[in-house]
Amino acid sequence: MSAPEKKILLETKDLAVGYSTTQAPLFENLNLQLCEGELICFMGPNGVGKSTLIRTLAGLQKATRGAIRTDTTTDLQFPIAVVLTDKVSTPGMSVYELITFGRYPYLDWNIRLQEEDKRIIEEAIEQVHIQDILQKKLYQLSDGQLQMVMIARALAQTTPIILLDEPTAHLDLNNRVEIMRLLRNLAHKNKKAILVATHELDLALQTADYIWLTGKEKNVIPGIPEDLVLNGSFDEIFQFKGFDLKTGKMMHEAHRNKVIHLIGDGFEYLWTKNALERNGFAVTSENGITIKIERGTQPCVWVMNNQRYTSIQGLLKYLCD
Amino acid sequence: MHKNRWLLLPVLLVVLFGLNLSLGSVRIPFREIITILMGGESSQSIWNDIVWNFRMTKALTCVLAGGALALSGLQMQTLFRNALAGPDVLGLSSGASLAVSLIFMSQAAGLRFLSTPSPWTVAIAATLGCTGVFLIMLAISKKLLDNVSLLIVGLMIGAGTSSIVSVLQYISRAEEMQTYLIWTFGSLGGLNWTELMVLAVVLFIGAIIAIRLVKPLNAWMLGDNYARSIGVNIKRSRFWIIFSASILTGGVTAFCGPIAFVGLAVPHLVKFLVQTTNHKVLIPTVMIGGAVLMLFCDILSQLPGSTQMLPINAITALIGAPVVIWVIVRHSRIRI
């Protein structure tokens, strides 16, 4: 459990989530907490109801049973900002216009932005680094840019809690890493509680302070990433096929019946091993065909049976023939 | 430059209003019109009468009806997040048409609501028809969560009512059918000053409600979930948006007949001009834009230089149809 000095911003009590009281719920008896300063990744297979739980926590959908309590020390009427998978249907809207929606909970019917609102909007824009696309229309943005804009909008809402539903879906690795780092920094620096539903296992394991893992019994298993890896919770839920989570690697079958004795160190050693295993060779540190990596020269040289190879590709070609 | 493009609208409004007053089947010199408008007497007393009681009422009807229909269309397009929504699409005009056709042609069906249909009974019938459909839509909108379904229901109500109207037309006499058909052509010239006042009050109330709804209307563009997450009461604002759009459409249809395409076309043309999606800007500009388009259509319908008058609906459709095609083509390019 989280350290006692951390303030609990949101807490559920025996929460059940679903679409009606007559249908079977998607989750039940949830007793979860969101604490300040934490990035929580919410993981689970497709279709278990992660989005539904997020909408319920955000108050956009009624809980079928149980209660959600938010921190009562803030007097915010809407303490939760969201980034959903819903498409915004107005392609002609400008980026700046979209971000101003973050201030709507604080504005009256006349929606006049005060200096304070403008300052907060500027701040949100700076945090997400989108200064150069402010005047663009939404239809001119890439998926990654649009996601950044939606995050800026949520930030402009200045809520203690932000819930994001798959903010990194359809993005390339660079954008995915950038968004997760951004969210992590926001959680830590601004003392927010940020919950991210995501499929990015590797990213989640490396950035999350805490993981919510959907369980088999309509429950959610909370824990820090490393504990959940070691106690096998991840394996149980995701039923990995050919992926060894504990080493973080794909499992390769050594189908070639050739054993390689690899001598070397550093990155070259790791990637050579990766290439050999990927191609079905077993790699040991004792016996078998000896391959030595000589790092004295640039680029390095692979030596096998007194033959010298300057690339792994060349080495593999010889080995496979 | 870009920011001040909306200034074009009030300028156009004044120019077209003046043009609308000075054109008509009777030639009146522009100088005389100025004199009459300043409260003076023109060289022929009949001209005073024509300008004040015919042309002025008609021009003002154009302004009020155009503004009301355009504002109603804007609200519907935002509400349904659908570029092709309009007062006619929601089934409100169809409801009015059905009620009016009942007044005109019920005798053929063996019913007799009223012996001689007066303009006021027609107006009341049209309003009741609009309100009836509005109430049905409201009841259904509580059950249906998504707006596209509601739009389809609106189209179905339109189809249902028009089939009843065709049955009535089939069994009614030629003269009765003609009266009804003329009503469906739309008319801007039939209003007296009292009726104009009623229309003005309706437009005023509808506009006030719309302006108070700027925040939910804007938030609406993000979708229900986002709107709710930034503190907009979806159900309450949906009621008021539909209410405002209904009284605007109902009021205009009551006095001027079912005028098509203005509500659909104007919001697109204005959005193209002012390049914003903020309703705080859009509401006033769209109202002026509606007035401008209506004045323009009315000038065209008078066939300048001739004594013939074309039905206003023929003209609005002539302008509206290309706009609809343009909207569809444009949206296919920027679909997200």
Side-chain angles (χ1 to χ4, degrees), chain A residues 19 51-52 54-62 76-113 135 137-143 146 149-150 153-154 156-157 159 161-163 165, chain B residues 2-3 74 77-85 145-148 208-234 236-237 240 267-268 270-283 327 330-336:
Chain A
Y19 282 92
S51 299
T52 314
I54 282 194
R55 279 198 299 271
T56 311
L57 290 179
L60 303 176
Q61 189 175 334
K62 278 205 180 93
L76 282 178
Q77 205 183 346
F78 304 95
I80 301 175
V82 288
V83 174
L84 303 167
T85 49
D86 303 18
K87 286 258 184 248
V88 174
S89 62
T90 318
M93 195 188 291
S94 79
V95 168
Y96 190 85
E97 231 173 321
L98 180 65
I99 297 172
T100 59
F101 282 108
R103 299 310 298 161
Y104 269 40
Y106 309 97
L107 302 176
D108 62 359
W109 65 272
N110 192 21
I111 53 169
R112 182 171 295 147
L113 293 173
Q135 297 312 318
K137 305 275 181 191
L138 296 187
Y139 70 89
Q140 296 169 316
L141 302 182
S142 70
D143 286 347
L146 184 62
V149 173
M150 294 312 286
R153 189 208 62 79
Q157 220 171 316
T159 53
I161 304 166
I162 303 179
L163 309 179
D165 194 359
Chain B
H2 196 72
K3 275 218 145 94
L74 173 72
Q77 281 167 14
T78 302
L79 178 74
F80 293 106
R81 290 185 206 101
N82 190 320
L84 294 178
L145 286 173
D146 78 307
N147 292 315
V148 178
I208 290 290
I209 295 173
I211 288 166
R212 288 305 297 248
L213 288 171
V214 161
K215 190 174 160 181
L217 280 169
N218 274 348
W220 213 271
M221 297 184 290
L222 296 184
D224 290 4
N225 282 324
Y226 278 123
R228 226 174 283 146
S229 84
I230 52 175
V232 167
N233 185 331
I234 292 286
R236 199 196 308 153
S237 37
W240 285 111
H268 291 293
V270 168
K271 278 179 200 167
F272 186 68
L273 187 74
V274 298
Q275 294 284 335
T276 182
T277 49
N278 188 350
H279 285 76
K280 209 166 145 182
V281 180
L282 283 176
I283 288 173
V327 166
R330 188 161 170 256
H331 272 250
S332 72
R333 216 172 43 229
I334 57 173
R335 171 162 296 148
I336 52 167

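Convention: sequence-line order gives letters A, B, ...; per-chain numbering from 1.
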With a 4.5 Å cut-off on side-chain heavy atoms, are [Y] and [X] touching?
X: B/K215; Y: A/D108; answer: no
X: B/V214; Y: A/W109; answer: no
X: A/I111; Y: B/N218; answer: yes
X: A/L98; Y: B/L222; answer: yes
X: B/S229; Y: A/I80; answer: no

Heavy-atom closest contact (A/N110 atom, B/K280 atom, distance):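 So the minimum-distance heavy-atom pair works out to O-NZ, 2.9 Å.
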
Residue pair A/L84 / B/N225: nearest heavy atoms and the distance that separates them: CD1-CB, 3.4 Å

Under 4.5 Å from any heavy atom of chain A - which part of B/I211: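 Backbone plus side chain of B/I211, per the 4.5 Å heavy-atom cut-off to chain A.
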
Any donor-acceptor pair under 3.5 Å from A/E97 side chain to B/N278 backbone: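 Side chain of A/E97 to backbone of B/N278, a donor-acceptor pair under 3.5 Å: yes, one is there.
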
Under 3.5 Å: donor-acceptor pair, side chain of A/Y104, backbone of B/V232: no

Option in B/M221, B/R212, B/R228, B/K271 with maximal non-hydrogen atom pairs under 4.5 Å from chain A: B/R212

Region of A/R103 that comes under 4.5 Å of a non-hydrogen atom in chain B: neither

OG1-CD1 distance between A/T100 and B/I230, expressed to the nearest 0.5 angstrom: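 One finds 8.5 Å between OG1 of A/T100 and CD1 of B/I230.
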
